S.K.: 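Pasting a structure here, questions to come.
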Amino acid sequence: MAKRSITFTYLVWTWGFFLLVSSVVFVFATRQAERAVVVEAEQRARSSLDFVRYLLRERAPFANAEALAATVDALGEHMGFRLTYIVDGRVLADSAVKPADVAEMENHADRPEVRQALASGYGQDERQSHTLGRDMLYVAGTFTGAAGAPAGVVRLALPFSDLRQELGRLRHVLLAVLALVFAAGGLVAYGLARGMAGSLREISGVVAAIGQGEFDRRIHIVPARDFAPLAEAVNILAERVGSHVREIEERRRRQEAILDGMAEGVAILDAQGRMVAVNRALVAMFPQCADLVGKTPIEAGMSLDIERWLTGEIPGPGSGVAGRFALPGGRLAEVSVVPVAGTGEAGATRVVTFHDITEAASMDGIFRNFVIDASHRLRTPLTKVQGYAETARDLAATDPVAAAAALEVIGRGAAEMRGVIDDLLAAARNRFAAAATSAPATDALAVLRQALVAAGSLLRARGVTVRLVTFPEGPIPVPVGHEVLAHVLAAMLSHIPESAAVAVSVTEDAAGVEIRFEGPTSPGPVLSDAEVAAFGGSIGEDGAGRLVRIPRASCAI
């Protein structure tokens, strides 16, 4: 059921109240007016009755009964009343009845007003006339008589229809006034309700904007003092929510910078085994899927063994447990799982880390091969040297010439072993160099952002402002190790003077990558070139700042 608007509700209640009050006023006013009109009519009838009795005395004597009847008819006609002259209950004259029909009228001695007049001198009654068939107000008074007019009762009758017409006019006027007041009150109430509804819409609009992320919205003008606490509460809520959201966003950016700066691939899985967050390194490990978020491991291109291991089909993924699995492209990763405590079914439940151990495994293989080759290739010369050494020892006393020949063979064997060792060392160097060349590259931009986030608290405490003003889109692969580059950048940031402002820009071309720190610098060298020289890089000063040059990596991240 749809809820009614505040304007409609306010109007209904207001008009209902006005209708109730108007009804009460109308009923009370009409009753008072009716009572007032009746009282006025009674007073007018009584005054008229006194006036008729006065005129009858003034116009006496009357020659006969016909003259008396003619006078009564004339008075009734001129005064607008029905006038009746009654003697001992018998009607002698009636202004509303023809003179020929007066004798046939019934006896009026039992009329209430007549009985009251005979008893107290004045009588009054309201009823329907038997003669005229109309509601009448009867007023009767005794008449002491005059010449030609015997003593009796003079009765005056006023039709109630005249009173009702007057009361009807009063009701119509009162209804018109009340209707005007009702309409005016409704219009005023409608205006007030519209104003209140507009104020509520404005407040709800601000609240909705705050809910959509516009935390700088505020309510500055309130229509009435009653809305001030609500506006103040909304403004405080917006300020606090905005502060909390900014803090959460800052933490999220820091976490994203840290995750993107990690060389290890990281994925956060929900209770259904779908990835809710990944970092850049994991995307580089599985490039065949454009968007890993929302997918299961096998949908992201991971092997079935990884999927089964993470889902528990293969025993294993407890806290910190790691397993080794092959990745696309012939690489090898060590996968570890850490459960997240205190999360619901819809939240994150596990953090999975993929550590690329291809280089380490390659180094292990090279070392094993080196040991095998060395033992195999040195076994024969060593056996020869050992045999001739024993022969020389045995012949040293009896046959010096043969002993010397054996020593010569031992020398040649030693030279042969030296050559074998040199060849093995050269082969090992070549293999180690090839393994280092094929090692995964480091994203220089991600490491820089991670270094800025890590040094943020220290820089703010020293009043240092560092802004990353220029940088290319996407990752920047460099051959420098992650830890080495992070150490170099952290050292550069830590040597910025207090209260300094430094602009950091990152540019790249075919020759390599340049990370420039433009701003004040502390005197003296920060680091030697040895940190990055092994990778073909350099550290130096260029104009008003320091510059780190690093060649681009031959392989992608």
Side-chain angles (χ1 to χ4, degrees), residues 4-53 55 72-84 94-98 108 111-114 116-117 122-141 154-197:
R4 291 187 290 267
S5 65
I6 188 173
T7 303
F8 179 79
T9 304
Y10 191 78
L11 283 178
V12 169
W13 281 99
T14 303
W15 281 342
F17 175 76
F18 271 115
L19 183 61
L20 178 62
V21 172
S22 300
S23 301
V24 172
V25 170
F26 178 76
V27 173
F28 177 78
T30 52
R31 288 183 179 179
Q32 290 295 109
E34 183 177 357
R35 188 176 296 108
V37 170
V38 171
V39 170
E40 182 185 359
E42 291 175 352
Q43 292 177 352
R44 184 158 56 94
R46 190 164 186 172
S47 299
S48 299
L49 178 64
D50 293 339
F51 186 60
V52 167
R53 287 187 292 186
L55 291 177
V72 170
D73 292 341
L75 290 175
E77 180 180 358
H78 286 87
M79 297 183 69
F81 299 111
R82 178 187 176 187
L83 191 60
T84 306
D94 194 318
S95 61
V97 180
K98 296 179 180 180
H108 282 43
R111 298 295 192 269
E113 67 276 6
V114 175
Q116 293 175 14
Y122 179 78
Q124 179 179 322
D125 190 29
E126 300 173 7
R127 68 177 184 278
Q128 187 179 39
S129 172
H130 296 288
T131 304
L132 302 179
R134 299 166 60 187
D135 292 334
M136 308 289 284
L137 171 64
Y138 293 97
V139 179
V154 177
R155 188 184 69 174
L156 187 146
L158 177 65
F160 263 118
S161 59
D162 297 339
L163 298 178
R164 289 195 178 94
Q165 290 179 358
E166 188 173 354
L167 287 174
R169 287 192 297 272
L170 288 175
R171 288 192 184 96
H172 292 159
V173 173
L174 184 59
L175 280 175
V177 172
L178 291 178
L180 182 62
V181 172
F182 182 77
L187 291 176
V188 172
Y190 178 76
L192 293 175
R194 290 283 295 178
M196 185 184 301

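For reference, positions follow the sequence shown, starting with 1. Predicted model only: the values in this text are computed from it and were never measured.
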S.K.: Can you tell me how far apart CZ (Arg155) and CZ (Phe81) are? Round to the nearest 0.5 Å.
M.R.: 14.0 Å
S.K.: May I ask you to check whether Ser95 and Asp73 show a side-chain donor-acceptor distance below 3.5 Å?
M.R.: no
S.K.: Output the distance between atom CG (Leu83) and atom CG (Leu49), rounded to the nearest 0.5 Å.
M.R.: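 Between atom CG of Leu83 and atom CG of Leu49 there are 8.0 Å.
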S.K.: Is the charged tip of Arg111 near the ring of Tyr138: under 6.0 Å from the six-membered ring centre and within 45° of its axis?
M.R.: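 No; the conditions do not both hold, so Arg111 does not lie above the ring face of Tyr138.
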S.K.: Can you list the steps and then say if Asp94 with Val72 is a side chain to side chain contact (heavy atoms under 4.5 Å, CB included)?
M.R.: CA-CA 7 Å; Asp94 194 318; Val72 170; over 6 Å; no
S.K.: Taking all non-hydrogen atoms of both residues into account, name the closest pair between Met79 and Val52 and its distance.
M.R.: SD-CG2, 3.5 Å
S.K.: To the closest 0.5 Å, what do you measure between NE2 (His172) and CG (Leu174)?
M.R.: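 Answer for the NE2-CG pair, His172 versus Leu174, is 11.0 Å.
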S.K.: Going through the distances and angles, do Arg44 and Leu158 end up as a side chain to side chain contact (heavy atoms under 4.5 Å, CB included)?
M.R.: CA-CA 10 Å; Arg44 184 158 56 94; Leu158 177 65; 4.1 Å; yes
S.K.: Under the criterion side chain to side chain contact (heavy atoms under 4.5 Å, CB included), I'd like the reasoning laid out for Val139 against Glu42: C-alpha separation, chi angles, the key distance, then a yes or no.
M.R.: CA-CA 8 Å; Val139 179; Glu42 291 175 352; 5.8 Å; no
S.K.: If you compare all heavy atoms of Pro112 against all heavy atoms of Asp125, which two are closest, and at what distance to 0.1 Å?
M.R.: CG-OD2, 3.4 Å
S.K.: So Arg127 and Glu113, side chain to side chain contact (heavy atoms under 4.5 Å, CB included) or not? Walk me through it.
M.R.: CA-CA 11 Å; Arg127 68 177 184 278; Glu113 67 276 6; 2.5 Å; yes
S.K.: Does atom CZ (Arg46) have a neighbourhood of more than 12 heavy atoms from anything else shown, all under 6.0 Å?
M.R.: no
S.K.: Rounded to the nearest 0.5 Å, what separation is found between the OG atom of Ser47 and the CG atom of Leu156?
M.R.: 10.5 Å
S.K.: Between Gln116 and Gln124, is any side-chain donor less than 3.5 angstrom from a side-chain acceptor?
M.R.: no
S.K.: Using a strict cut-off of less than 4.0 Å between a Lys/Arg side-chain nitrogen and an Asp/Glu carboxylate oxygen, indicate whether Glu77 and Arg82 qualify as a salt bridge.
M.R.: no
